[in-house]
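Single-structure report; data block below.
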Amino acid sequence: MELPLKIIVADETQTKKLAKEFSGILKPGDVISLIGDLGTGKTFFVKNIVAMFGQSNSSSPTFAIVNVYEGKYKVNHFDFYRIKKLGELYDIGFDDYLNDDEAITFIEWADMFEEILPKNRFEVTIDFIDITKREITISKLS
């Protein structure tokens, strides 16, 4: 996969294919920020990547703030949607999760607290086109 990548996916099947391809370049220590409106498919995208790592029962961490999955790789899956202030992230040990070189960390709604994110990360932006189509942009930031 060559980055940056901007692609329009027509349906869930194409999104799954993109998630599978993207999963192939990820390794422990990587951080992936996900940006997009409610319902664009951020969690769907992460679930399909996590499934490629052997964990089929992943779910949205909206209420838990973070879910941790074990499979081929350890995965930390954050959702910042319900976080009201930066201190809440420090209270749950966000830095410890980010510094876990044995885990891949996904962060939904990452743009809410961009100041806490590492500069070296992947960024996935998902935008609505219509009911089934999405424009997905994947970049490597450093």
Side-chain angles (χ1 to χ4, degrees), residues 1-129 132-142:
M1 173 177 277
E2 192 171 321
L3 300 178
L5 172 75
K6 183 180 275 194
I7 187 169
I8 293 176
V9 294
D11 55 28
E12 288 184 349
T13 301
Q14 289 183 349
T15 302
K16 286 179 183 180
K17 181 180 175 189
L18 181 62
K20 179 179 181 178
E21 187 177 349
F22 183 51
S23 73
I25 67 171
L26 298 176
K27 62 188 182 326
D30 284 341
V31 174
I32 303 90
S33 59
L34 293 108
I35 300 166
D37 291 334
L38 196 62
T40 53
K42 297 178 298 294
T43 300
F44 182 80
F45 191 72
V46 173
K47 281 179 155 189
N48 281 280
I49 293 171
V50 171
M52 296 307 303
F53 300 151
Q55 183 58 262
S56 61
N57 65 345
S58 61
S59 62
S60 174
T62 299
F63 294 100
I65 300 174
V66 63
N67 290 336
V68 178
Y69 310 114
E70 296 286 345
K72 176 180 177 183
Y73 300 120
K74 179 180 175 185
V75 173
N76 301 320
H77 182 191
F78 283 88
D79 188 326
F80 284 0
Y81 187 72
R82 296 198 178 279
I83 301 293
K84 301 290 186 240
K85 55 187 178 182
L86 191 58
E88 293 177 59
L89 291 170
Y90 290 119
D91 290 346
I92 63 167
F94 184 73
D95 286 339
D96 294 333
Y97 287 100
L98 278 186
N99 292 319
D100 185 351
D101 290 336
E102 296 179 11
I104 297 171
T105 301
F106 292 91
I107 306 164
E108 295 187 40
W109 297 95
D111 51 328
M112 292 179 69
F113 295 100
E114 194 167 353
E115 66 273 20
I116 198 172
L117 302 177
K119 291 186 188 321
N120 185 18
R121 68 181 187 272
F122 291 96
E123 186 167 277
V124 177
T125 304
I126 305 175
D127 293 308
F128 277 114
I129 293 178
T132 59
K133 289 183 186 172
R134 305 289 188 267
E135 180 179 81
I136 301 176
T137 304
I138 303 174
S139 304
K140 177 72 169 135
L141 306 179
S142 55

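Since the structure is predicted, the reported quantities are computational estimates derived from the model, not experimental observations.
In this structure D111 satisfies the side chain to side chain donor-acceptor pair (under 3.5 Å) test with no other residue, sequence neighbours excluded. Scored by the side chain to side chain contact (heavy atoms under 4.5 Å, CB included) test, E102 finds D100 as partners (sequence neighbours excluded). Not counting sequence neighbours, K6 has no partner by the side chain to side chain donor-acceptor pair (under 3.5 Å) test. Residues satisfying the side chain to side chain contact (heavy atoms under 4.5 Å, CB included) test with I92, not counting sequence neighbours, are I65, F78, L89. Among residues two or more places apart in sequence or in another chain, the ring pair (Phe, Tyr, Trp, His ring centres under 6.0 Å) test is passed with F53 by Y73. The side chain to side chain contact (heavy atoms under 4.5 Å, CB included) search around D37 returns T40, F128, not counting sequence neighbours. Taking S139 as the reference, P4, T137, L141 meet the side chain to side chain contact (heavy atoms under 4.5 Å, CB included) condition, with sequence neighbours excluded.
The nearest pair of heavy atoms linking F106 to I104 is CE1-CG2, 3.7 Å. Closest non-hydrogen pair, F122 versus K140, comes out as CE2-CD, 3.5 Å. When all heavy atoms of D79 and Y81 are compared, the pair lying nearest together is OD1-N, 2.8 Å. Closest approach of A19 to N48, counting heavy atoms only: CB-CB, 3.7 Å.
The CD1 atom of I136 sits 5.0 Å away from the CD1 atom of I126 when rounded to the nearest 0.5 Å. Atoms CD1 and CD1, from I116 and I107 in turn, are 8.5 Å apart once rounded to the nearest 0.5 Å. Atom CG of L34 is separated from atom CD of E123 by 9.0 Å, given to the nearest 0.5 angstrom. To the nearest 0.5 angstrom, E114 atom CD is 9.0 Å from K119 atom NZ. To the nearest 0.5 Å, atoms NE2 (H77) and CD1 (I49) are separated by 9.5 Å. Within the model, atoms OG1 of T125 and CD of E135 stand 9.5 Å from one another, a figure rounded to the nearest 0.5 Å.
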(request) Output, in order, the C-alpha distance, side-chain angles, deciding distance and verdict of side-chain contact (heavy atoms from CB on, under 4.5 Å) for L18 and L5. (result) CA-CA 11 Å; L18 181 62; L5 172 75; 3.7 Å; yes
(request) Under the side-chain contact (heavy atoms from CB on, under 4.5 Å) rule, what do K42 and W109 come out as? Steps first, then yes or no, please. (result) CA-CA 9 Å; K42 297 178 298 294; W109 297 95; 3.7 Å; yes
(request) Please step through side-chain contact (heavy atoms from CB on, under 4.5 Å) for the pair K74 and V68, ending with a clear verdict. (result) CA-CA 7 Å; K74 179 180 175 185; V68 178; 3.8 Å; yes
(request) Test T43 against K47 for side-chain contact (heavy atoms from CB on, under 4.5 Å), laying out the working first. (result) CA-CA 6 Å; T43 300; K47 281 179 155 189; 4.1 Å; yes
(message) Between F80 and F94, does the ring pair (Phe, Tyr, Trp, His ring centres under 6.0 Å) criterion hold? Intermediate values first, please.
(response) CA-CA 11 Å; F80 284 0; F94 184 73; 5.6 Å; yes
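Around atom CD of E2, no more than 12 heavy atoms belonging to other residues, nucleotides or ligands sit under 6.0 Å away.
The side-chain hydrogen bond (donor to acceptor under 3.5 Å, both in side chains) pairs that include a residue from residues 22-33 are K27-D30, S33-R121, where partners are two or more places apart or lie in different chains. Among residues at least two apart or in separate chains, there is no side-chain hydrogen bond (donor to acceptor under 3.5 Å, both in side chains) pair with a member in residues 8-19.
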